[in-house]
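Structure first, commentary second.
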Amino acid sequence: MPKLEWKLLTKKRASSTQGVPPGKEHLAWVTNTVTLIYGQREAVLVDTFLSDQQSKELLDWVFESGRNLTTIYVTHAHGDHFFGLKLLLDKFPNAKAIATTAVAAAIRDQIKPEYIKSFWEPRFPGQLPSQLVAPEVLKGDTFALEGEELKVVELGHTDTSHTTALYVPSIGLVVSGDGVYNNTHLYLAECDEEAINGWLRALDKIESLHPKTVVAGHGVLDPDSSPRHIEATRGYLHDFLASRKNTSTAMELYQTMLSLHPNRVNPGSLWAAAKASKPS
Ligand SMILES: [Zn+2]
């Protein structure tokens, strides 16, 4: 029997992109996934949710595990992955929130009141937790859960800069942060061609670990966490690079990608990427 186990909690929320062209309304949502890695007595949580309500539901879920939460690891500096920190830290005072130096610094910028007011509040009015905090800086690139090693994997630029995954060698688990998506349009609004190539290298790095399980940060409600999503994410990036070359307007790029990936959720993410890639 392996010493550590893991489980997921996935929650649906609205897309952060508004003004998406009509036609894909039934797919206009996105999930966030958090992972609890646990042993006999202790647990580590990877990422949190965005809204106050979902953060409370997350709290109950962690309580129900019956484990003592020691650490919350934040994979990257997007609010939908760390806004729930304060609530968890209040309820689990022995737990420590940690991230890499670069992620912790970016989060301190992200939670500045002017950025919350200009970016997040208009997109999720009245839904954000009232208090936001940044994680502490992890010294080194490993920490432990009941004596088993958990390893930070620097991914570089995936859907934002300085992203990371968390790797648990003893059970072949990679919690990919937003490195791998499952049946969801990738968030490419922060990516130029160089960044997309960085993302492709990040996928190679995850693959080189030969994981048995790969948790996608955004996916379906009941994900299979199969490593096959590494290749699917790679294919999407190649399609986007090719489609960008062969189209001239945001709408054309959007429609071309939709014809290649008609069933992925969150077309808003694609629309944001198309507009960033081809500003009119
Ligand atoms: Zn995300």
Side-chain angles (χ1 to χ4, degrees), residues 10-33 49-51 54 76-81 83 110 115-128 157-161 163 177-200 203 216-223 229 231-280:
T10 53
K11 295 276 175 193
K12 221 167 157 171
R13 63 171 171 84
S15 172
S16 57
T17 308
Q18 288 150 349
V20 183
K24 290 279 179 188
E25 287 77 4
H26 62 296
L27 297 171
W29 49 273
V30 62
T31 71
N32 272 78
T33 305
F49 292 126
L50 181 151
S51 73
Q54 293 189 345
H76 67 289
H78 274 155
D80 56 326
H81 296 259
F83 279 170
Q110 290 264 325
Y115 189 69
I116 296 295
K117 242 186 231 143
S118 65
F119 186 87
W120 288 104
E121 195 51 55
R123 287 168 172 82
F124 299 95
Q127 295 171 51
L128 306 181
H157 203 297
T158 59
D159 74 352
T160 188
S161 50
T163 63
D178 282 351
V180 176
Y181 278 55
N182 174 354
N183 199 40
T184 302
H185 288 283
L186 275 52
Y187 181 70
L188 288 163
E190 295 180 30
C191 290
D192 56 14
E193 185 158 343
E194 196 186 317
I196 293 176
N197 287 325
W199 197 333
L200 287 166
L203 293 171
H218 301 286
V220 296
L221 273 169
D222 189 15
H229 300 294
E231 179 57 25
T233 301
R234 186 183 281 133
Y236 188 98
L237 290 169
H238 284 303
D239 287 344
F240 189 82
L241 284 172
S243 302
R244 196 159 70 158
K245 271 202 190 87
N246 300 331
T247 56
S248 45
T249 65
M251 187 54 99
E252 239 187 294
L253 172 54
Y254 178 70
Q255 296 296 355
T256 303
M257 280 300 285
L258 277 191
S259 69
L260 295 170
H261 299 274
N263 299 317
R264 285 189 179 236
V265 301
N266 201 14
S269 194
L270 173 60
W271 180 236
K275 282 191 302 176
S277 175
K278 297 192 184 287
S280 54

Practice item. Apply the test side-chain contact (heavy atoms from CB on, under 4.5 Å) to residues Leu50 and Leu128: give CA-CA distance (whole Å), side-chain angles for both, the deciding distance (0.1 Å), then the verdict. Key: CA-CA 7 Å; Leu50 181 151; Leu128 306 181; 3.6 Å; yes

Ignoring hydrogens and angles, tell me if any N or O in the side chain of [X] forms a donor-acceptor pair with the backbone of [Y] under 3.5 Å.
X: Asn32; Y: Asp80; answer: yes
X: Trp271; Y: Pro21; answer: no
X: Lys278; Y: Met251; answer: no
X: Trp199; Y: Gly179; answer: yes
X: Glu25; Y: Gly23; answer: yes

Exercise for review: Flag the pair Leu186 / Phe240 as yes when at least one side-chain heavy-atom distance between them is below 4.5 Å, and no otherwise.
Suggested key: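 A side-chain contact is absent here, since even the closest heavy-atom pair is not under 4.5 Å.
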
Review point. When the ring planes of His78 and His81 are compared, do they come out parallel, tilted or perpendicular, using 30° and 60° as the limits?
Key: tilted

Practice item. Can you label the angle between the Trp120 ring and the Phe83 ring as parallel, tilted or perpendicular, going by 30° and 60°? Key: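 Perpendicular, since the angle between the ring planes exceeds 60°.
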
Check your understanding: Can you name the closest pair of heavy atoms from Ser269 and Ser15 and give their distance?
Key ->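 So the minimum-distance heavy-atom pair works out to N-OG, 4.4 Å.
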
Exercise for review: Verify whether one side chain among His218 and Asp159 offers a donor that lies under 3.5 Å from an acceptor in the other.
Suggested key: no

Review point. Side chains of Ser243 and Thr256: is there a donor and an acceptor less than 3.5 Å apart?
Key: no

Review point. Any chance CG of Asn246 has more than 12 other-residue heavy atoms, nucleotides or ligands included, within less than 6.0 Å?
Key: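 It does: Asn246 CG has more than 12 such atoms within range.
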
Point to revise | For Leu27, side chain to side chain contact (heavy atoms under 4.5 Å, CB included) partners two or more places apart | key: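 Applying side chain to side chain contact (heavy atoms under 4.5 Å, CB included) to Leu27 gives Lys24, Val265, Pro267.
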
